[in-house]
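Here is the naming used below: chain letters follow the sequence lines, and residue numbers restart at 1 for every chain.
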Protein chains: 2
Amino acid sequence: MADTGTSDRPTRPALNREHIVAAARGLIDKVGLDAFTMRTLGRELGVDPMAVYHYFPNKAALFDAVVELTYMDIELKQSPDAPWDEAVFTFASTMRTSMRAHPHVLPLVATRPVNTAPVGLVIEAAAARLVSAGAAPRDALGIVNCIAAFVIGHLMADVVEPIGGPEAPSPGPELFERTDMPTLMAAIAAGWTWDADRTFELGLSAMIAGFGAKYGLADAD
Amino acid sequence: MADTGTSDRPTRPALNREHIVAAARGLIDKVGLDAFTMRTLGRELGVDPMAVYHYFPNKAALFDAVVELTYMDIELKQSPDAPWDEAVFTFASTMRTSMRAHPHVLPLVATRPVNTAPVGLVIEAAAARLVSAGAAPRDALGIVNCIAAFVIGHLMADVVEPIGGPEAPSPGPELFERTDMPTLMAAIAAGWTWDADRTFELGLSAMIAGFGAKYGLADAD
DNA sequence: ACCTGAACACCGTTCAAGT
DNA sequence: ACCTGAACACCGTTCAAGT
C-alpha cells in the first residue's frame, strides 16, 4: 500500500480543464445552450458550481474552449494522391460532419472566433493543399475562409436550434400559396423538398469549381 | 378643438408591435444582445417591462420579429437589363449590406429561421431571376439557399459579437510563428491582411460562376 | 491549491390587479 | 383593451471561508 501521493480512485476524478470542457459539451449536446448553466454543469460534474471558476475565468472562456474542442475533432488526414479539388471537397465535408455532430454548439462556433492553434491547423491543412495546386498563400487563405463561411452558414440554416428558445410556427405550405411567390410555388408544386446534404454538396462544388477556374488551379502531374 | 377620439399628441405614443420591434432592434444595436433585456426595453419605451407581453408572447417571438424586420430592409429592386450573374451578385451584396448594418442582430438572423412572407419574398426575388436565366425552380432555390448561407456565414466571421460576452484574447501574430503553419506564415510574411469586403466578393463570384457553369445559365438575348 | 456556500445584482415570465 | 407591480424561480459572478 505504498501509495505515493496520487491516490488511485477518488470517488470523483479530480477536476481539470479537459474533463470540464468535455462535460460541458456533453451537457450542451444533451440539454441545449439555453438550459446549459454553470449550475447545471456543476451538478453534472458532481461539484459545487463555483469549482469550475478555478479553471475558467467565466462562462465565455468555457464556451471558447468548447468551440476549440470541436475544431480539434476535425479529421485532417489527407489522401495525398487525390486531386486538389477532391481534397478540398473532402476537407469541407469533414468539417461539416464534425460540426454537425454537435448542433447545439454551432451557434458558438459561428459566433465566437477562436484564434488558437487548433483552428489555425485546420485552416493550414486546407490552405496548404491549395498552395500545392498553384495558389498563392494569400489567395489560398481567402478561399479557405470562404469555404468555411459556407460550411458554417449552411449548417446554421440546416440544424441550428434558435437562440433564446424556439417559437417558430411551422413553415406551413399555406404561406407559399401566394401569387407573389411564383417560383416557390412552382418548386413546391413540382414536389420540391429541402435536402440539406445535396444542397451542401452542390454549393460546395460550385464554389470550388469557381475558384479553380478563377485562379487556374491544377495539380502538377 | 373638436378632436374626435384619437388624441393628437399623447406624451408617449401608444404602444404597438411595429414600434416595439423598432425600439427593440435599436436597443440591440446600441447595447448588444446580452445587455438587451425585457426590462431595459421597457425602460427604453418608457413603460413597464411587462407591457410588451401584451404584444409578444415572449422574448423569442420578439426576436423573430426583429429578424423579420431586418429581412424587410433588403432592397429588392432589380435593374432588369443587368445580366443574371450580375443581378444575383447585386442581390447578395444588398443582403449583406442590410445585415451588416445591424451586427448585433446577426446571431439572431443566423440562428432563428423565420418562415414568414418577408423572407419568402427575398428568396423569391433572387430565385425568379435565376429561373429567367434558365434554371429549374428547384435548382434556383438550391442556388439561392447556398448564396444566402455564404452571405450569413461570411458575415458571422466578419462582424459578429460573440454570444455570451467577449473574452477572445487578441489574435496575436506570435500564434502563427510556428513551423507547423507554413502557409499562414508565408501569407503573413507577404503582408497579407484580412479584407472582408474583398474576400466576400471573391467567394460570391466564384460560387455564382460555378453555378452558372454547372447549370448552363444564360440570359436569352 | 482546490473546492464550498452564502450573498449580490440581476434575469424571463406568471399572475392578480388596476384603468 | 391595455398597462402595472409584486412575486417566483431562476441566472452569472464575487467574495470570504474552509481543507
Given atom [atom1] of [X] and atom [atom2] of [N], what is their separation to the nearest angstrom?
{"X": "A:Lys59", "N": "C:dC10", "atom1": "NZ", "atom2": "P", "value": "18 Å"}
{"X": "B:Leu41", "N": "D:dC3", "atom1": "CG", "atom2": "P", "value": "13 Å"}
{"X": "B:Asn58", "N": "C:dG12", "atom1": "CG", "atom2": "P", "value": "11 Å"}
{"X": "B:Phe63", "N": "C:dG12", "atom1": "CZ", "atom2": "C1'", "value": "11 Å"}
{"X": "A:Asn16", "N": "C:dA1", "atom1": "CG", "atom2": "P", "value": "17 Å"}
{"X": "A:Leu45", "N": "C:dT4", "atom1": "CG", "atom2": "P", "value": "10 Å"}
{"X": "B:Asp48", "N": "C:dA16", "atom1": "CG", "atom2": "C1'", "value": "14 Å"}
{"X": "B:Asp34", "N": "C:dG12", "atom1": "CG", "atom2": "P", "value": "11 Å"}

Any-strand Watson-Crick or G-U partner of D:dT14, both distances under 3.5 Å: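 Partner of D:dT14: C:dA6.
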Hey, does B:Phe56 reach any base, or is it just sugar-phosphate, or nothing, if we go heavy atoms under 4.0 Å?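 Counting heavy atoms under 4.0 Å across all strands, no contact is made by B:Phe56.
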Nearest of [options] to any side-chain atom of [X]?
{"X": "A:Thr37", "options": "D:dG12, D:dC3, C:dC2", "answer": "D:dG12"}
{"X": "A:His54", "options": "D:dT4, C:dA1, C:dC11", "answer": "C:dA1"}
{"X": "A:Ala51", "options": "D:dC3, D:dT13, C:dT4", "answer": "C:dT4"}
{"X": "A:Tyr55", "options": "D:dC2, C:dC11, C:dC3", "answer": "C:dC3"}

NZ/NE/NH1/NH2 to OD/OE distance under 4.0 Å, B:Lys59 and B:Asp64: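 B:Asp64 and B:Lys59: not salt-bridged.
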Are side-chain heavy atoms of B:Phe36 and B:Lys30 found at a separation under 4.5 Å?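 The answer is no; the side chains never approach within 4.5 Å.
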Looking just at side-chain N and O atoms, do B:Thr94 and B:Glu75 make a donor-acceptor pair shorter than 3.5 Å?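 No, no side-chain donor-acceptor contact under 3.5 Å.
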Spatial distance of atom [atom1] ([X]) from atom [atom2] ([Y]) [nearest 0.5 Å]:
{"X": "B:Asp48", "Y": "B:Leu15", "atom1": "CG", "atom2": "CG", "answer": "11.0 Å"}
{"X": "A:His154", "Y": "B:Cys146", "atom1": "NE2", "atom2": "SG", "answer": "5.0 Å"}
{"X": "B:Leu41", "Y": "B:Ile20", "atom1": "CG", "atom2": "CD1", "answer": "7.0 Å"}

Taking the six-membered ring of B:Phe200, is NZ or CZ of B:Arg96 closer than 6.0 Å to its centre and within 45° of its axis?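 Yes, cation above the ring, under 6.0 Å and within 45°.
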Atom pairs under 3.5 Å: protein N/O with N/O of nucleotides 6-9 of chain D:
none

